[in-house]
Amino acid sequence: MSGRVIETSAWPDTYGEEARPRVGFFTDSSVCIGCKACEVACKEWNEVPADPLGFTGESYDNSGDLGANRWRHVAFIEQRVPVDGVAEAAPDSWVEEAARQQLVEHGLDAHDDGSGFRWLMSSDVCKHCTEAACLDVCPTGSLFRTEFGTVVVQEDICNGCGYCVVACPFGVLDQREDDGRVWKCTLCYDRLRDDMEPACAQACPTDSIQFGTLDELHERADRRLAQLHERGHHDARLYGRDPGDGVGGFGAFFLLLDEPEVYGLPPDPVATTRRLGRNWAAAAGAAVALAAGVAASFIGGRG
Amino acid sequence: MIMGSNTAECHPVGFQWVIEAKERGAKIIHVDPRFTRTSALADLHVPLRAGTDIAFLGGIINYIIENGRWFDEYVKTYTNAPVIIKEEFKDTEDLDGFFSGFVEEDGLYDVTSWSYAGTEERAGADKREQGAEVSGEQSHGAHGIDLKRGDPPEMDESLQDPRCVFQIVRRHFSRYTPEVVEQICAISKEDFLEVAEALCANSGRERTSAFAYAVGWTQHTVGVQYIRAASIIQLLLGNIGRPGGGILALRGHANIQGSTDIPTLFNILPSYIPMPHPEGHGNLEEFVENNRPTTGVWGELRSYTVSLLKAWWGDAATEENDFCFDYVPRIDGDHSNYTTMVRMLDGEVKGFFVVGENPAVGSANGKLNRKAMASLDWLVVRDLVEIETASFWRDSPEIETGELRTENIGTEVFFLPAAAHTEKDGCFTNTQRLLQWHEKAVDPPGDCRSDLHFFYHLGRRIQEKLRRSRKRRDRAIKELTWGYPTQGPHADPDADAILQEINGFDSDGNHISKYQELESDGSTSCGSWLHAGIYKDGVNQPARRRPRTEQDWVAREWGWAWPADTRILYNRASADPEGKPWSERKRYVWWDEEQGEWTGRDHPDTGKPDKPPDYRPGRTDKKGVPALRGDTPFIAHPDGRGWLYVPAGLVDGPLPVHYEPHESPFENPLYGQQQNPLRQRFDRDANPYNPTAGQPGAGVYPYVLTSYRLTEHHTAGGMSRTLSYLSELQPELFCEVSPELAAERNLEHRAWATIVTSRTAIEARVMVTERMKPLPSERGIVHQVGVPYHWGGRGLAKGDVVNDLFSLALDPNVHIQEVKAATCDIIPGRRPRGEALPEFVASYRMRAVAGTKQSPPEPAAEAHESRETGYGSEEERL
């Protein structure tokens, strides 16, 4: 086991010799072609029901969001980025060479007239956080940490209380309407136990979704980021790579080409249970203060 | 260069190799009217106006020539650049958009003036045969050229003679300047020059560039000429026959390449042998004489044909009876798809087999197709699900409007469920001519059977019925070799045995190992000469699966490519005239002086492995490959040269010309002749045309209309709109418009719009997006409306049929419909229902006929949005 991979609350300790290397996803959105093979492969393997929303008009995204019936979700962002000093080009005027150079420095490519235009695509998934708030709050023990360091819901135990739904900083977890229980990405736990990679990773034609041990994925991602920066894509960044972030780093992390908010992701996610200690302490302090105040009002001067 | 293709969208799995190339430093350029999922990953996207690709490519040709960027040694030796053309030839520059030889009353070209100087006309090139509508596929440039020993009679090696091909090409494209490209294509000069320069800089000895195209190029009235323009560029830059170069025709369905090689096309026999005509092809000898150039690989046409006849009729085919050549049906004219549908509409076609196709949704002018099918006596549809073509008699759009009534449709429809590809043995042929065998994994359910099973047993039953017939005409079927072994409880014919028949056998029963072994005396049989060797050494070659990690990058032990397992066609061109690689970096095949043979990473495509580079044919070497010099790589051509200029074989010109689409809001600034004069039209009530630019009433349909695909759906939807996981990804038909067009026409994002042409009106949800670009023109802004075409009335995801909007206006060489550029109007709101729909469409046509430019009518119905969760809005049909 590599010492570089951050240990989670229950892994590898509780597994002892049965612990396996921590695995996860590195989703490199810079090569995503938005084909949604990941969405379909996941549904087919895990028998997730279809859940049509109809035409949303949100670019080519008719899937909406991660949820109980969608464990991989491809986001599409059509972006027009104005470049400093160049007004929105009128349809029949053409941009200067200098402005073009600015486009390159912004890491914008494939553009035609005036401002920079690009279409960002990225496949979202449960992050399998190092500090998983959903795991912490689950009262039944349905949610558990596997020997691979991933987070999985056991459907036969889940009682549908919904605590995990509000605990997740990303809004990944959700309950199935007809069923009440919570369903989410298992990182294809059953396939892992047969030494296979998850269905989405296998289906992804461009290797945008990469599966492997987390330390190896970290190395690959760092190299890829350096490569993109060298090529002028200065907006490229890794999201969830940093073990020092609010959830201790993600088991499934991403390479994004813009701010997380652009992709509908929280910029600074924090495990909601981190503050639990302080919250209780604050509540306790408030209770003591209240009691003291009440007592003081009775002890004080009479008459 | 990805142009006329949306590769990431339509070939997502193949696109991984484009990404791989990009990661290794390749520059990906995407030229497409829309910013698509391919553009998102490309290094440069150039949004040219739909229908102007020839202007763009012509501009590149002009750039290459005017800036001296052609690969000189390659061009001089490997192309027909030095060849002198007949003095009578006149170019479009001389005749304002026409070539010499146009015969007004026939609407055809007499091509004799286009020929190489010093060549004689051949019987095949005359008007009579033109009238029989010889198509591009079957000509191979065979007509009109008879060369002695493969050398064109008159050449100027210095490329200076004004009548040499090089100078003709130069003059032809001289007005395709960057300024003209900017004007016609509605793009910036800077973008155009960036592309032209990138191509030139990345071609030559050390580097090669590749083009990839698909139906964005073929589905035009000048589709074949689009591809010709790319061929000229790639020949000038020396990119053909070299690793990393070439022109990749990205085929569509899994086996569409296979279906042209062993064809389901009306005018060719297996491996592109032409179908015989009644005139001039009375017997085998006449057929061979009138079709064959004597030189190059087609010089052996007799061997290929006799071997095919032996495969089909076996022992019954003998020298005495001309190898049963008489049994082969003759074609007497144009029996292409749309011509046949029109005849069907006229009651001249009684029966129709539709196998794995859905013309009710996938064909242009859907209404004409559906009405045609209503005129049949019987229709057999074989498919995985009951597609719109099988159910048209009860739920086509014409039932809704009352134009057809179920009780009046006399067509007897048989729907036969088909087996999927996982349920049968067989093989696919992909873009690179690579065949990969697949094995049956599961039995087909219930009554589902493979197409092979169907046609085999149909033929067997017909043979049985004819068993006692003494009619001469029935012998053609009775004597067919049809005794294939069968397997399993349903008697499935053994596909592997059929593959062996395609490969061919010699008189000792051994498998043929290459096409050069085929004989013309009846001692060999071969179902398809290009596939000879596919079962070499008794091994099912396409079933080979040696992993690429155990081979070099050419990976010749994975699958099998025709001909003779050649992975890059014309690879002789990867070596210089002396047989040495152009560079170490691009070493591919080369001449080994010591061994006295060609060698290298691939099967050397020289026709003869021991033919040295300095070979020159002797006086008696007049036939076949030995009639070609050792430094001519294009052995399928009679002169062994790549053709910058096509002297014979195309009906609409030896060179590409920018013509406007059949329906266009723009006038052609280059020539008085606006559109392709040879484009195939059907002028009848069932196929009305929008007026085009310059005609009165053109303003009634002021926008450019283009249709395309989405990744989530597959063609006419039979395989995707019936599946919940795919249907929920793209549940409803939508159209894409720019914010400027939305403002001009009051279209609201996510609301409904109605799109109108002379043919019909459809409704679609509105997607307002900056990926659609307004087009600047001298007269102001012209807008584009884009629609993906997958929807039909059945399945989970239902919608109107987009192809109903388009007319029949076809490329004259290959009869392919123009659905990539036409005109339309668009207004907010849902379309009228029932009888009101054809009335609405007719009102538009009347306005166009009257030549008025009134503003469009009010939105047809209340734009109510009954959006529910689910695949989309349903509305009760009247």
Side-chain angles (χ1 to χ4, degrees), chain A residues 30-37 39-44 48-64 69-70 74 76-80 89-97 100 109-115 117-121 203-208 224 227 231, chain B residues 8-9 12-16 19-20 22-23 28 30 35-47 187-191 710-712 723-734 740 749-750 765-771 773-776 781 796-797 867-873:
Chain A
S30 73
V31 293
C32 177
I33 54 175
C35 72
K36 306 177 192 169
E39 291 196 30
V40 175
C42 169
K43 287 214 176 194
E44 295 228 308
V48 178
D51 190 9
L53 299 177
F55 176 73
T56 64
E58 285 162 28
S59 191
Y60 279 10
D61 177 6
N62 295 303
S63 305
N69 291 328
R70 196 154 282 108
V74 182
F76 291 80
I77 302 103
E78 297 180 29
Q79 236 187 7
R80 183 170 283 278
D92 56 355
S93 78
W94 309 111
V95 71
E96 304 294 334
E97 186 59 37
R100 282 177 171 270
D109 46 16
H111 309 299
D112 34 319
D113 55 339
S115 49
F117 181 88
R118 62 181 175 180
W119 204 359
L120 302 174
M121 301 166 203
C204 177
T206 58
D207 254 357
S208 172
R224 177 63 176 163
Q227 191 183 52
R231 292 181 190 170
Chain B
E9 191 96 37
V13 178
F15 196 75
Q16 68 183 289
I19 298 279
E20 183 78 18
K22 189 178 170 191
E23 290 311 308
I28 312 298
H30 185 224
F35 190 97
T36 69
R37 285 185 257 209
T38 302
S39 325
L41 275 289
D43 292 296
L44 174 65
H45 172 243
V46 181
I187 57 169
S188 75
K189 233 178 3 185
E190 284 81 10
D191 274 345
L710 300 167
T711 309
E712 295 86 343
L723 300 178
S724 59
Y725 289 157
L726 294 177
S727 295
E728 65 176 344
L729 297 177
Q730 293 283 13
E732 293 187 58
L733 172 61
F734 61 95
E740 293 84 355
H749 182 68
R750 288 186 65 235
R765 303 295 294 273
V766 175
M767 166 106 61
V768 179
T769 170
E770 282 168 332
R771 290 177 290 102
K773 190 179 165 287
L775 304 165
I781 302 297
L796 295 167
R867 189 171 110 62
E868 318 126 20
T869 54
Y871 294 99
S873 309

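Computation of the quantities below employed the complete heavy-atom set of this structure, encompassing side-chain atoms and omitting hydrogens, waters and symmetry-equivalent molecules. We name chains A, B, ... by the order of the sequence lines, and we start the count at 1 in each one.
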Part of Leu726(B) lying under 4.5 Å from any heavy atom of chain A: side chain

Exam field: side chain Arg750(B) to backbone Thr56(A), donor-acceptor pair closer than 3.5 Å: yes

Counterpart residues, salt bridge (charged side-chain N to carboxylate O under 4.0 Å, His left out), relative to Glu728(B) (two or more places apart): Lys43(A), Arg70(A)

Chain B contact via Asp51(A) - side chain, backbone, both or neither, heavy atoms under 4.5 Å: both

CE-CG distance between Met121(A) and Leu41(B), expressed to the nearest 0.5 angstrom: 6.5 Å

Separation between CH2 of Trp119(A) and CZ of Phe35(B), rounded to the nearest 0.5 Å: 8.0 Å

For chain A, the option from Glu712(B), Gln730(B), Arg771(B) that forms the most heavy-atom pairs under 4.5 Å: Arg771(B)

Glu23(B) and Arg224(A): CA distance, side-chain angles, deciding distance, salt bridge (charged side-chain N to carboxylate O under 4.0 Å, His left out) verdict: CA-CA 11 Å; Glu23(B) 290 311 308; Arg224(A) 177 63 176 163; 2.6 Å; yes

Chain A contact via Val768(B) - side chain, backbone, both or neither, heavy atoms under 4.5 Å: neither

Side chain / backbone / both / neither for Glu39(A) at chain B, heavy atoms under 4.5 Å: side chain

Nearest heavy-atom neighbours spanning Val13(B) and Pro205(A): CA-CB, 3.7 Å

Pairs of heavy atoms under 4.5 Å with chain B: top-ranked of Cys204(A), Ser208(A), Ser59(A), Ala203(A): Ser59(A)

Contact summary for Pro731(B) and Gly54(A), nearest pair of heavy atoms: CG-C, 3.3 Å

Heavy-atom proximity to chain A below 4.5 Å, by part of Leu733(B): neither

Gap separating the OG atom of Ser30(A) from the NZ atom of Lys22(B), nearest 0.5 angstrom: 7.5 Å

Worked check of side-chain contact (heavy atoms from CB on, under 4.5 Å) between Val31(A) and Ile19(B): CA-CA 7 Å; Val31(A) 293; Ile19(B) 298 279; 3.7 Å; yes

Euclidean distance, Thr206(A) OG1 relative to Phe15(B) CZ, rounded to 0.5 Å: 8.5 Å

Leu729(B) vs Tyr60(A), side-chain contact (heavy atoms from CB on, under 4.5 Å): CA-CA, chis, key distance, verdict: CA-CA 8 Å; Leu729(B) 297 177; Tyr60(A) 279 10; over 6 Å; no

Smallest separation among heavy atoms of Pro49(A) and Tyr725(B), with atom names: C-CE2, 4.3 Å

Full working for side-chain contact (heavy atoms from CB on, under 4.5 Å) between Glu770(B) and Gln79(A): CA-CA 9 Å; Glu770(B) 282 168 332; Gln79(A) 236 187 7; over 6 Å; no

salt_bridge(Glu78(A), Arg37(B)) N-O dist < 4.0 Å: no

